[in-house]
Amino acid sequence: MIAAPLQSAIAAAQPTVPRHVAVIMDGNGRWAQSRGLPRIKGHEQGSKAVGECVEGCRDAGVEYLTLYAFSSENWKRPAAEVQGLMLLLERFLDQKTNEMIEKGVQLRAIGRLEDLPRPCHDRLRRAIDATAANDKLVLTLALSYSGRSEIVDAVRELVRAARAGEIAESDVTPDLIAAHLYTRGVPDPDLLIRTSGELRLSNFLLWQLSYTEIHVTQKLWPEFTKADLLAALDDYSKRHRRYGGV
Ligand code: IPE
Ligand code: IPE
Ligand code: MG
């Protein structure tokens, strides 16, 4: 039998796989532009990179993967680009739902999903229902998502509950707030990956990323491969998370 201190030393020395990986998939437009292609071609290529990332996470033993696919602010883009992105989402759901069922991937979505065009919304609902029993990897797509709106929606629910006399001021704690976010029930991300070298959060998971380790790569999202994912996981395994302690 191995003594307890030794056991914990072995555990600490072993590479740790993040339970939850979140990704800001950025750089599709620049990838296309650098090749003289229209931006939508970058989004097309980017949706292929999603498959690699999902498979890589599943194989590595990651339990939750959350992908920032479309922000609330992205509605400001030219109508043709927005339409193209919505069509790609439809196509992704049409082509990938069976594969997700086969591979044990459970699909979820966060954001103001009611903003999505009807065909996207319907397909999304169907895919979510069809994969609900899967348990190998929980894949969450952030769509029409804004971290600030998520917090606003949670506060509104809490105000309603307080008005109805269901909660008191002293009941409002970080846990109660977390339980009213779109991500309720999902642990906070351990690792955030952002591609294309940008050093900002762009309104993604503002509450949940408080103590998340951040890995930024210069790679543009359409060229992000399994090897890049493994490099990010390796980087994570060397981090020392302190949560404000010593
Ligand atoms: C990320 O790539 C995809 C979405 C935001 C939908 P971008 O479209 O932002 O690509 P860049 O940042 O302009 O290169
Ligand atoms: C963040 O990327 C949103 C997604 C990846 C879906 P953006 O390209 O929209 O963010 P900014 O404009 O660089 O902050
Ligand atoms: Mg961008």
Side-chain angles (χ1 to χ4, degrees), residues 20-54 56-57 64-93 95-96 107-117 119-121 123-124 139-153 181-183 186 189 191-209 212 214-225 228-229 232:
H20 183 176
V21 175
V23 185
I24 302 178
M25 309 183 289
D26 199 13
N28 293 353
R30 277 164 282 169
W31 181 89
Q33 274 160 348
S34 71
R35 284 163 178 76
L37 300 168
R39 290 177 58 86
I40 194 66
K41 289 287 169 198
H43 297 312
E44 244 174 67
Q45 198 60 33
S47 79
K48 290 182 191 158
V50 170
E52 285 240 345
C53 185
V54 172
C57 280
Y64 299 90
L65 172 64
T66 301
L67 300 177
Y68 203 6
F70 193 84
S71 74
S72 298
E73 290 75 22
N74 290 149
W75 292 113
K76 289 189 298 214
R77 294 188 178 194
E81 181 170 345
V82 170
Q83 244 170 35
L85 281 163
M86 294 301 143
L87 275 176
L88 279 173
L89 174 61
E90 277 183 42
R91 210 190 290 165
F92 175 85
L93 294 167
Q95 291 173 352
K96 295 286 181 179
L107 183 72
R108 296 189 192 176
I110 53 172
R112 294 205 171 148
L113 306 178
E114 64 278 12
D115 297 344
L116 297 174
C120 280
H121 195 268
R123 282 173 173 78
L124 193 60
L139 168 64
T140 302
L141 298 180
L143 292 163
S144 194
Y145 175 87
S146 143
R148 285 185 172 175
S149 299
E150 179 180 32
I151 294 170
V152 167
D153 287 350
L181 296 174
Y182 306 150
T183 52
V186 172
L191 172 66
L192 171 73
I193 300 172
R194 183 164 188 155
T195 56
S196 87
E198 304 293 359
L199 300 174
R200 55 179 172 264
L201 294 180
S202 302
N203 208 1
F204 190 41
L205 301 176
L206 296 180
W207 175 279
Q208 299 87 336
L209 293 174
T212 301
I214 302 176
H215 174 93
V216 174
T217 167
Q218 296 300 322
K219 279 275 186 92
L220 303 172
W221 178 252
E223 58 199 16
F224 190 85
T225 62
D228 298 308
L229 174 73

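What you see is a predicted model; the values in this text were computed from it and never measured. Note that ligands are numbered from 1 as they come in the structure, with each ligand's atoms numbered from 1 the same way.
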For [atom], which protein heavy atom lies nearest, and how many Å away is it?
atom: atom 1 (C) of ligand 1; value: Met25 O, 3.0 Å
atom: atom 9 (O) of ligand 2; value: Asn74 ND2, 2.9 Å
atom: atom 3 (C) of ligand 1; value: Asn28 ND2, 3.5 Å
atom: atom 6 (C) of ligand 1; value: Ala69 O, 3.4 Å
atom: atom 10 (O) of ligand 1; value: Gly29 N, 2.9 Å
atom: atom 7 (P) of ligand 2; value: Arg77 NH2, 3.9 Å
atom: atom 14 (O) of ligand 2; value: Ser202 OG, 2.6 Å

Polar protein atoms near the Mg ion (ligand 3) [N, O or S; cut-off under 2.8 Å]: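 Atoms qualifying: Asp26 OD1.
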
side-chain contact (heavy atoms from CB on, under 4.5 Å) between Val186 and Arg108, worked out: CA-CA 11 Å; Val186 172; Arg108 296 189 192 176; 3.4 Å; yes

Full working for side-chain contact (heavy atoms from CB on, under 4.5 Å) between Phe70 and Leu116: CA-CA 10 Å; Phe70 193 84; Leu116 297 174; 5.5 Å; no

Contacting atoms of ligand 1, where contact means under 4.0 angstrom from a heavy atom of His43: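 Listed by number with element, the hits are 3 (C), 8 (O).
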
Pairing of Glu198 and Arg30 as salt bridge, 4.0 angstrom limit: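 A salt bridge is present here (some side-chain N lies under 4.0 Å from a carboxylate O).
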
Glu44 with Lys41: basic N within carboxylate O range, under 4.0 Å: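 Here Glu44 pairs with Lys41 in a salt bridge, since their nearest N and O are under 4.0 Å apart.
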
Determine whether [X] and [Y] make a side-chain contact, defined as any pair of heavy atoms from C-beta on separated by less than 4.5 Å.
X: Leu65; Y: Val23; result: yes
X: Ile24; Y: Leu192; result: yes
X: Thr195; Y: Val216; result: no

Contact check, Arg194 vs ligand 2, heavy-atom distance below 4.0 Å: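 Right, Arg194 reaches ligand 2.
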
Distance filter under 4.0 Å to Phe70 heavy atoms, resulting ligand 2 atoms: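 Near Phe70, the atoms of ligand 2 are 6 (C).
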
Interfacing atoms of ligand 2 (cut-off 4.0 Å, heavy-atom, Arg200):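 Reading through ligand 2 atom by atom, the close ones are 11 (P), 13 (O), 14 (O).
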
Residue pair Asp26, Tyr68: steps toward the side-chain contact (heavy atoms from CB on, under 4.5 Å) verdict: CA-CA 9 Å; Asp26 199 13; Tyr68 203 6; over 6 Å; no

Name of the residue among Thr66, Ile110, Leu89 meeting side-chain contact (heavy atoms from CB on, under 4.5 Å) with Leu141: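 Answer to the side-chain contact (heavy atoms from CB on, under 4.5 Å) test with Leu141 among Thr66, Ile110, Leu89: Leu89.
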
Criterion side-chain contact (heavy atoms from CB on, under 4.5 Å) against Leu205, the qualifying member of Asn203, Leu201, Leu209: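 Per the side-chain contact (heavy atoms from CB on, under 4.5 Å) rule, the option paired with Leu205 is Leu209, out of Asn203, Leu201, Leu209.
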
Exceeds 12 heavy-atom contacts within 6.0 angstrom, atom CZ of Arg148: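 Not more than 12 within 6.0 Å, no.
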
Whether Trp31 side chain and Gly42 backbone form a donor-acceptor pair below 3.5 Å: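 No.
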
[X]: heavy atom below 4.0 Å from ligand 1, yes or no?
X: Gly27; answer: yes
X: Gln33; answer: no
X: Ala32; answer: no
X: Glu198; answer: no

Polar atom proximity, Ser71 to ligand 2 (N or O, under 3.5 Å):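 Not met; the criterion fails.
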
Stepwise side-chain contact (heavy atoms from CB on, under 4.5 Å) check, Phe224 with Ile193: CA-CA 11 Å; Phe224 190 85; Ile193 300 172; 4.2 Å; yes

Per-residue contact class, Leu220 against ligand 1 - non-hydrogen pairs under 4.0 Å: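 It is neither part, as no heavy atom is under 4.0 Å.
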
Heavy-atom protein contact below 4.0 Å for atom 12 (O) of ligand 2: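 No, there is no protein heavy atom closer to it than 4.0 Å.
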
Partners passing salt bridge (charged side-chain N to carboxylate O under 4.0 Å, His left out) against Arg39 (at least two apart in sequence or in another chain):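 Expected list: Glu81.
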
Parallel, tilted or perpendicular, as decided by the 30° and 60° cut-offs, for the rings of Tyr64 and His20: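 Plane angle between 30° and 60°, so tilted.
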
Geometric N/O contact Trp31 with ligand 1, under 3.5 angstrom: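 In fact, backbone or side chain, Trp31 has no N or O that close.
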
